[in-house]
**Q** 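Shown below is the structure under consideration.
Computed from a prediction, not measured in an experiment: that's the story for all the values here. Indexing begins at 1, ligand by ligand and atom by atom, following the structure's order.
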Amino acid sequence: MLFNEAALQGESSLGKTNKTDIFVISGNDKHLHDVSQALMSFYVVHPFNDAGKLSEALELFHPTAIVIDEELGASGGLKFLQNFRKIPRWNLIPVVFTAKKGHMEQIQVSSSSSLVRTLVKPYRFSALLKAISDQVNAHVEAQWHLMEPTQKAALENTLSSFNSVADLIADGKPLPYQDIQSSCEPLVTAVQSGNFKDLLQGVRGHDNYSYVHSLRVATFLSLFGNHLGVKGDDMSILATGGVLHDVGKMMIPHQVLNKPGRLDDDELVVMRSHVTETIDFLDNTPGLPRGVTIIAGQHHEKIDGTGYPYGLKGKELNELARMAAIIDVFSALTDRRCYKDPMSPVKAMEIMEDMGSGHLDQHFLLAFKELLLDATSESNIH
Ligand SMILES: [Fe+2]
Ligand SMILES: [Fe+2]
């Protein structure tokens, strides 16, 4: 194998599937059908109307979360949940429990685990999605406590910064750049000391795709800079630029942002507007280094001038833009989405090489390939 793919993708040795699998169990066929249909665009859904079948499936692999309905056979979903929680190897699987109003008090008393979220029927579909997401993320983030302090801080700080940006955008407030920059310091330290692997592993399975992509871009961009001899404040520009490069996507409608298939022409225009949305937001940021604006504003530009939003060409694209374009494409190809398996780094590099000299800077592309080989060689993976 050319690269150590597992290391780059943050693979775990635990028996998880590549996609985000959700088990749904209910004895009410209509409820089971409706929930399964609703979740299908976002997750790989496995519906069950029988507790025995679900238990058999759990012996094969663990889903990311389970939605358990109170209506289930003669003994009901609550009894199933209680028995389920007694089995240690299943105890850490996040659960969303759905029940009618009036039945919840009993459930909340009996399901004290923080990994059980309750939802009162009838509920809005968005509430179910949020409950699943929150459960999945709480489970992933809980594992960060087991990490080394630097890696743990890198993930916790960047997640907190990323979430704060969503609030700032919603409230129309400017970005406190110094805070974002400080939040990225542990990430830079982790990369400079060669311990980036835990960062990629740590976000695996996290359900906030925009955060995961931004963290991966920040990590790979910092790795790339480190490999090229970048130091000091310039490293922090790469890390913060990575975290902030796509924040305009927070303004893009969910159905466009997370559409599994190809975008039509109108949707493509909306999706591409994330760059100008990012720039509009960052323009209001006092003290923002120009390098961060370049990473955010030019990561979709191409050498031959066919990129967007400015259509910059050749020498108009500076080094940061060229590096960011390579890292953004590489990260997007190797990211894990609910509807696709992540591409291997080898395959991603092949595709990027096939894109030709009109798209990506060939000199930097070669350097990035060297970095992948270097970073995944035995001596450097620790
Ligand atoms: Fe982008
Ligand atoms: Fe991106």
**Q** Between the Fe ion (ligand 2) and D246, which N, O or S atom of the residue is the nearest one?
**A** OD2
**Q** Is a salt bridge present between K369 and E353, judged by a nitrogen-to-oxygen distance below 4.0 Å?
**A** yes
**Q** Let me check your reading of the structure: within less than 2.8 Å of the Fe ion (ligand 2), is there an N/O/S atom from H213?
**A** yes
**Q** Answer yes or no: is there an ion pair linking D167 with K173, defined by an N-O contact shorter than 4.0 Å?
**A** no
**Q** Could you go through the side chain to side chain donor-acceptor pair (under 3.5 Å) check for N157 and S183 one step at a time?
**A** CA-CA 5 Å; N157 295 2; S183 78; 6.0 Å; no
**Q** Under a 4.0 Å N-O cut-off, is there an ion pair linking E70 with K100?
**A** no
**Q** Which of the N/O/S atoms in D328 sits closest to the Fe ion (ligand 2)?
**A** OD1
**Q** Looking only at N, O or S atoms in H274, which is nearest to the Fe ion (ligand 1)?
**A** NE2
**Q** With side chains defined as the heavy atoms from C-beta onward, is the minimum distance between I303 and K313 less than 4.5 Å?
**A** no
**Q** Starting from the Fe ion (ligand 2), look over the N/O/S atoms of H245 and name the nearest one.
**A** NE2
